[in-house]
There are 2 protein chains.
Amino acid sequence: MKTTINAKDVAKLAGVSQSSVSRVYFEGAKVSTKTREKVLAAAEELGYRPNEFARSLITNRTKIIGLVMKGVQNPFYPQVLTQFANAFKHHGYSVLFVHTNSDEIQAEDIETLLNYNVAGVVITDASMSLNVAESFKANQIPLVFFNRKLSHSTFYSVCCNNLNAGRSIGHYLMAEGLRDAVYISGNENTSTSLEREKGFGEALDQCTLTYAKHTSDFTYEGGYKTALNIIKNNTLPSAFFVANDIMALGVLDALRKHAIQVPQQVKVIGFDNISMSSWPAYELTTWEQPIEEMVEATVNYLMSEIANYSGRVEAVEIEGKLIERKTT
Amino acid sequence: MKTTINAKDVAKLAGVSQSSVSRVYFEGAKVSTKTREKVLAAAEELGYRPNEFARSLITNRTKIIGLVMKGVQNPFYPQVLTQFANAFKHHGYSVLFVHTNSDEIQAEDIETLLNYNVAGVVITDASMSLNVAESFKANQIPLVFFNRKLSHSTFYSVCCNNLNAGRSIGHYLMAEGLRDAVYISGNENTSTSLEREKGFGEALDQCTLTYAKHTSDFTYEGGYKTALNIIKNNTLPSAFFVANDIMALGVLDALRKHAIQVPQQVKVIGFDNISMSSWPAYELTTWEQPIEEMVEATVNYLMSEIANYSGRVEAVEIEGKLIERKTT
DNA sequence: CTGAAAGCGCTTACAG
DNA sequence: CTGAAAGCGCTTACAG
């Protein structure tokens, strides 16, 4: 009950050797035009397509990139996913999608990636214990942490320059007459949230200003509740710096509910520039993450490491920019 | 430069045959506890993991499901993606993610899926020409169209019952005192948009009411612009039925911009029940798609077809329900 | 229950 | 440029 047709079948029909068939489909191999044509004609007739598995078994490489994502619910990530999918497709790679529920990726989550011997890995918005990550190193599989920096700098990472962004946002708000500020953070211990806060604090410190910190969780509901609490406690600041846009939208809705005027009574600034930030209902001032460049840097690194593994490591940080709208 | 360690290495260390090693990792094969333990100990020591490619080459099956998605930008889809990823993981399958830009999936988009000999395929929110789809049939690869019905009913599809939903929405609005309605459609020729409209029209027809149709594109911007046009032309109806939520939010923002009171001056109802619909800024009345059940039906079909291919075909339609909020 | 051997569909030195 | 042959790392009848 042999059902799939293989290179041997094509070879027979084309009247050439199996090796020649293989050469037609293997990039970089040499075949005469005549042989190529015969093979392609036979292949067409039989509906032949090379088996990727046999191919990978021999070459010990695959054309698959593992993409590990957490929190696809944040509208920032669908954008990232789309761009990665397109970029990898453009380079001839397919995407094995792994969804993780936890902030720290578990060994089982990435077992698949190792079993399939992926050519490279992108991990977005999540970290990973050192010894789990090491298994990629051991197999010389290049790995990029996207939008998350590890405390141990033994892996390549690509982020927006969050420290500078925090600073710029601080200076911007001070120029707008900031008196007291609240920073609404994302999940604790995420590098993105921490660095944005650090830069912000540094800027304010230069003018001996301070800020209050409220810990939240990078979700709309989290931003909404946090703001409601602040309103209830009568501790409304003159400006909110919110660690991401989706939370900032929650903050805006909480303020709206209490008929607090933005930006007259309080200013709000977010981070990411998700598409919803520009909606008329919000018109949120925010910091744009340079997603395209971030994706490009990630893909370029992976492609160069796949071609020629070096294990080089860097913490790439790309500058974003302020998008001024109506909440400041 | 042999780098990966294989079953033979483990066999040698464990003092058994390679076949025995294989049996330990192959579900359903019989090995004595003693052998199993020896093998597992040796495997642990060497860091062995079975090569999926060699395995697939022999069994001619993979543990990969192809997931083809369009328009991940609509917040409805990240939810769907997450649920599929979790469900497939639970069944021991990985997800090969394919992003397509066009409404109709092209042959090249799915070439990868055939090359990797995926065990099954889910296509969301897009259609596919019959002859492209046929190549899956030829290879006995089960295929489900998710949230899209094909005109030719030769494939399995899973949708919300859009016709009934349209009807119910029509009856609901009429009970609320509908006089004249506007239906804002999604992309033309999508089954979801067409069936929602059809049901809606049927319901209205029973009371000899009619509706005006405006064609849009399932995006926020599309809904926004369409509503602005209607306002400009002074053809505001007493209610809008908008083919999906993200467009409905655009409609609400357009109305807000012109200070038109919802629901006093005009009612708005959407479709999908995306998380943003419940946000205080919108409080959109909508129709909830039973995503969980839809995903479950899809996964169950695929798993049963993978276990035992029958090629059976059905257009599954699951009932959703009205979520009443403040825009009606 | 276990091992030796064949074979899945490819790539790749090696001769010619 | 081309073909015959070995081999990638597994699974699976087949004997024992």
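Chain letters run A, B, ... following the sequence lines, proteins first and then strands; every chain starts at 1. For the numbers below, each heavy atom of this structure counts, side chains included, while hydrogens, waters and symmetry mates do not.
Counted by atom type alone, B:Arg148 and B:Thr192 present one or more donor-acceptor pairs between their side chains at under 3.5 Å.
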*Fill in the dot-bracket string of DNA chain D, one character per base: . for unpaired, | for a pair to another strand, ( ) or [ ] for pairs within the strand, taking Watson-Crick or G-U pairs under 3.5 Å.*
|||.||||||||.|||
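Look at B:Ser17 and you'll find a side-chain N or O under 4.0 angstrom from OP1 or OP2 of C:dG3. Phosphate contact (OP1/OP2 of D:dG3, side-chain N/O of A:Ser20, threshold under 4.0 Å): present. Contact check, B:Asn6 against D:dG9: a side-chain N or O comes under 4.0 Å of OP1 or OP2.
Tested against A:Leu67 for a side chain to side chain contact (heavy atoms under 4.5 Å, CB included), the candidates A:Val121, A:Leu96, A:Val118, A:Leu81 yield a single pass: A:Leu81.
Rounded to a whole Å, the CZ atom of A:Phe53 is 14 Å from the P atom of D:dT11. Distance CG (B:Leu57) to P (D:dC8): 14 Å, rounded to an integer number of Å. Spacing between atom CG of B:Leu114 and atom P of C:dG9 amounts to 16 Å, rounded to whole angstrom units. One interatomic measurement links the two molecules: OH of A:Tyr48 to C1' of C:dG9, which rounds to 7 Å at whole-angstrom precision. The OH-C1' distance, from B:Tyr116 to C:dG9, rounds to 15 Å in whole Å. Between A:Arg55 atom CZ and D:dG7 atom C1' there is a gap of 17 Å when expressed in whole angstrom units. We find that CD1 of A:Ile5 is positioned 14 Å from P of C:dC8, with the value rounded to whole Å. Taking atom CG of residue B:Asn115 and atom C1' of nucleotide C:dC10, one finds them 13 Å apart after rounding to whole Å.
In this structure, A:Glu134 places its CD atom where more than 12 heavy-atom neighbours from other residues, nucleotides or ligands lie under 6.0 Å away. Heavy-atom contacts from other residues, nucleotides or ligands closer than 6.0 Å to CD of A:Glu314 number more than 12. Remark: B:Lys137 NZ is packed, more than 12 non-hydrogen atoms of other residues, nucleotides or ligands lying under 6.0 Å away.
Across all strands shown, A:Val16 has heavy atoms under 4.0 Å from sugar-phosphate atoms exclusively, and none from any base. Within 4.0 Å of B:Val31, counting heavy atoms only, lie sugar-phosphate atoms of the nucleic acid but no base atom. Counting non-hydrogen atoms under 4.0 angstrom, B:Arg36 reaches nothing in the nucleic acid.
Considering only heavy atoms from C-beta on, A:Glu305 comes within 4.5 Å of A:Arg312 through its side chain.
DNA chain C is contacted by both A:Pro50 and B:Ser32; B:Ser32 maps to the nucleotide lying nearer its 5′ end (nearest heavy atom per residue).
The aromatic rings of B:Tyr156 and B:Tyr301 lie parallel to each other, their planes meeting at an angle below 30°, with 60° marking the opposite boundary.
Listed for the A:Lys38 side chain is no donor-acceptor partner under 3.5 Å among the backbone atoms of A:Gly15.
Distance from the side chain of A:Lys30 is smallest for D:dC1 among the nucleotides C:dC8, D:dC1, D:dT2.
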Show me the protein contacts with nucleotides 12-16 of chain C, counting only N or O atoms at under 3.5 Å.
| unit_1 | atom_1 | unit_2 | atom_2 | d |
| --- | --- | --- | --- | --- |
| C:dA13 | N6 | A:Arg23 | NH2 | 3.1 |

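B:Ala14 and B:Ala42 get closest at one heavy-atom pair: CB-CB, 3.8 Å.
Distance check: B:Asn60 CG to A:Phe53 CZ gives 9.5 Å after rounding to the nearest 0.5 Å.
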